[in-house]
S.K.: 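Can you read through this structure? Questions will come right after.
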Protein chains: 2
Amino acid sequence: MTEWSSLVRIWNMPRADSTRNRSLVIEAAAAELAECGLEVSIARIAARAGVAKGTVFNHFASKEDLIAAIFCEHFATLTATGKALLAHSSPREALHEFITAGAELQAGDRSFCAATATARDHPMVRQASDHLADIAEQLTARAREAGAIRPDITGRDIILLLGAPAGIATPVADIRPDLWRRYLNLILDALGPEAARPLNVAAPTSQDFTAASKTGKAGAT
Amino acid sequence: MTEWSSLVRIWNMPRADSTRNRSLVIEAAAAELAECGLEVSIARIAARAGVAKGTVFNHFASKEDLIAAIFCEHFATLTATGKALLAHSSPREALHEFITAGAELQAGDRSFCAATATARDHPMVRQASDHLADIAEQLTARAREAGAIRPDITGRDIILLLGAPAGIATPVADIRPDLWRRYLNLILDALGPEAARPLNVAAPTSQDFTAASKTGKAGAT
DNA sequence: ACCTGAACACCGTTCAAGT
DNA sequence: ACCTGAACACCGTTCAAGT
């Protein structure tokens with residue numbers, strides 16, 4: 001009986017070409033999205049991966065799902081970076097390096113800015129985002145306790161701020177690919193305790209992030 | 001002879017329904033873009049304006065051109081606001097109010113963030129943007145001379161920063177429509193002279209903006 | 001001179017037919 | 001179980017026919 005179920009397990013296992021195709025598609029899509037932005041066609045991604053258009057939809061229910069999957073990978077990478085930085089001796093430098101890593105990730109990816117809005121209501125993305133927010137909160141708390149940053153900044157703030165340097169520099173990103181570092185510098189300065197006037201609006205909460213998905217986009221009746 | 005040319009002038013004048021349709025389309029498009037973002041269909045815009053789909057393309061060569069035209073109007077409004085603020089007695093408050101007006105404009109418009117990238121290489125938009133940059137530079141210079149801001153910030157910096165508060169708050173904008181003010185506060189703090197470490201990357205130049213259009217998007221050969 | 005809606009090309013998505 | 005490419009719906013854009 002148990003032998004049977006293990007045989008069934010083997011039968012149910014994904015085929016070798018399936019898993020291979022899946023990662024080929026993810027790899028191709030990540031590269032195309034980074035180079036061309038969100039508007040790349042599925043046909044192009046499929047061609048780069050060397051599979052038929054239909055195969056993409058065999059692995060991902062929609063283009064949004066595919067984008068969300070890639071998003072999750074990026075978030076996971078950043079989460080690992082943040083986790084490692086928790087061991088850094090300087091809380092201030094740990095936070096700064098975390099933000100720098102996040103900003104750099106987005107500066108090198110043409111799709112990232114726009115994709116934030118697209119992907120926010122995917123459960124997978126939110127889970128990855130929550131995990132990232134945990135790490136960000138820990139890094140922020142350490143820096144706060146060390147007096148390295150203004151006291152009113154939270155981990156969720158940091159998450160939202162990661163995209164800012166690349167977003168600000170976007171209009172001239174082609175001609176000045178390093179300009180995002182200027183605004184990263186500015187934002188890191190803004191986080192310091194020196195210039196702080198009390199922030200006039202409450203920090204975003206975890207609920208703000210989870211509830212955002214329930215609200216549909218505005219549209220006609 | 002001159003009588004003739006004036007008659008020709010009359011014959012060449014746009015028809016009354018044409019100019020009316022043009023503004024109907026612009027009005028409808030501006031509203032739909034603000035509510036729904038860049039992905040609204042031309043069909044919807046045409047329906048809201050009460051004209052046929054083809055009429056839209058009769059007035060604007062492409063969807064991008066239509067978006068660019070609306071962009072220019074927004075820029076012009078902001079330029080007027082900035083010009084008025086040059087008469088403000090406090091250079092610091094004048095600059096702050098200018099930035100606030102720009103940030104508010106973008107916070108209320110779902111298309112603005114993404115449209116920045118779309119519209120940057122339209123000649124009309126660049127002209128409007130240059131005009132806006134002039135005013136921003138004057139406001140910035142006044143604030144700089146008054147010691148109200150760090151010395152390394154330029155007018156072009158201010159232009160790029162206008163979109164930051166709305167951009168940062170985008171992921172939770174539906175649930176927290178006022179959150180952009182929190183990051184506006186943060187950025188205004190960052191502009192103060194107190195926290196300034198010298199910026200590590202040179203400011204964007206006028207050439208950076210004009211040259212950006214010549215670079216094509218990355219694509220396959 | 002401008003409006004109109006049918007026609008076209010392109011892209012995301014589906015699905016019946018293969019293996 | 002998965003791959004494939006033909007088929008479908010939708011949207012930006014064009015254009016011949018109207019007024």
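Lettering follows sequence order; numbering is per chain, from 1.
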S.K.: Tell me the interatomic distance from B/I42, atom CD1, to D/dT13, atom P, rounded to whole angstroms.
M.R.: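 So the CD1-P distance, B/I42 to D/dT13, works out to 7 Å.
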
S.K.: Return the value, rounded to whole Å, for the distance between atom CZ of A/R44 and atom P of C/dG12.
M.R.: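 Going from A/R44 (CZ) to C/dG12 (P), I get 12 Å.
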
S.K.: What is the pairing partner of D/dG18, taking Watson-Crick or G-U wobble pairs with both distances under 3.5 Å in any strand?
M.R.: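 When the pairing criteria are applied, C/dC2 turns out to be the nucleotide that pairs with D/dG18.
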
S.K.: Nearest whole angstrom, please: distance from the C1' of D/dC3 to the CZ of A/F60.
M.R.: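 For the pair A/F60 CZ and D/dC3 C1', the rounded distance is 15 Å.
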
S.K.: Rounding to a whole Å, what distance do you find between A/R20:CZ and D/dC3:P?
M.R.: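 Atom CZ in A/R20 sits about 12 Å away from atom P in D/dC3.
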
S.K.: Counting only side-chain heavy atoms from C-beta out, which of C/dC3, C/dG5, D/dT4 sits nearest to B/A52?
M.R.: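 It is C/dG5.
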
S.K.: Tell me: CZ of B/R22 to P of C/dA1, nearest whole Å?
M.R.: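 Between P of C/dA1 and CZ of B/R22: 17 Å.
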
S.K.: So do the side chains of A/S111 and A/E32 get within less than 4.5 Å of each other, counting heavy atoms only?
M.R.: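 A/S111 does not reach A/E32 side chain to side chain.
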
S.K.: When you get a sec, tell me which of C/dC3, D/dT13, C/dT13 is the closest nucleotide to the side chain of B/T55?
M.R.: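 Selected nucleotide (nearest to the side chain): C/dC3.
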
S.K.: Between C/dT13 atom C1' and A/L66 atom CG, what is the distance in whole Å?
M.R.: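 Going from A/L66 (CG) to C/dT13 (C1'), I get 14 Å.
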
S.K.: Is A/D152 paired with B/R182 through a side-chain N to carboxylate O contact shorter than 4.0 Å?
M.R.: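 A/D152 and B/R182: not salt-bridged.
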
S.K.: Under 4.0 Å between a side-chain N or O of A/N21 and OP1 or OP2 of D/dC2?
M.R.: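 A/N21 to D/dC2 OP1/OP2: no side-chain N or O under 4.0 Å.
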
S.K.: A/F57 has an atom CZ; how far is it from atom P of C/dC15, in whole Å?
M.R.: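 Whole-Å distance recorded here is 13 Å.
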
S.K.: Out of D/dA1, D/dT4, C/dT13, which has the shortest distance to the side chain of A/R15?
M.R.: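 The closest nucleotide is D/dA1.
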
S.K.: Which residue in the set B/T77, B/I67, B/V125 passes side chain to side chain contact (heavy atoms under 4.5 Å, CB included) when paired with B/C72?
M.R.: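 Of the listed residues B/T77, B/I67, B/V125, the side chain to side chain contact (heavy atoms under 4.5 Å, CB included) partner of B/C72 is B/V125.
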
S.K.: Determine: side-chain N/O of A/H59 to OP1/OP2 of D/dC2, distance under 4.0 Å, yes or no.
M.R.: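 It does not, given that no N or O in the side chain of A/H59 lies less than 4.0 Å from OP1 or OP2 of D/dC2.
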
S.K.: Output yes when A/R48 and A/E35 qualify as a salt bridge under the 4.0 Å nitrogen-oxygen rule, no when they do not.
M.R.: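 Yes.
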
S.K.: Could you tell me whether the phosphate oxygens of D/dC3, OP1 or OP2, come under 4.0 Å of any side-chain nitrogen or oxygen in A/N58?
M.R.: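 Answer yes for this pair, as a side-chain N or O of A/N58 is under 4.0 Å from OP1 or OP2.
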
S.K.: May I ask you to check whether B/F112 and B/H74 place their ring centres under 6.0 Å from each other?
M.R.: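 Yes.
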
S.K.: Would you mind reading off the distance between B/I45 atom CD1 and D/dT13 atom P, rounded to a whole angstrom?
M.R.: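 Spelled out: CD1 on B/I45 to P on D/dT13 is 11 Å.
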
S.K.: If you go through the side-chain atoms of A/K53, does one of them form a donor-acceptor pair with the base of D/dT4 closer than 3.5 Å?
M.R.: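 Per atom types, no contact qualifies.
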
S.K.: Of the nucleotides D/dT4, C/dG5, D/dG12, which one has an atom closest to the side chain of B/S41?
M.R.: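 Looking only at side-chain atoms, B/S41 lies closest to D/dG12.
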
S.K.: With heavy atoms under 4.0 Å as the rule, sort B/V56 into base, sugar-phosphate or nothing.
M.R.: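 No contact.
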
S.K.: Does any nucleotide pair with D/dT13 by Watson-Crick or G-U wobble geometry, both distances under 3.5 Å, and what is it?
M.R.: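 Its partner is C/dA7 (Watson-Crick or G-U wobble, both distances under 3.5 Å).
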
S.K.: Would you say A/S18 places a side-chain N or O within less than 4.0 Å of OP1 or OP2 belonging to D/dA1?
M.R.: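 False: A/S18 side-chain N/O out of range (4.0 Å or more) of D/dA1 OP1/OP2.
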
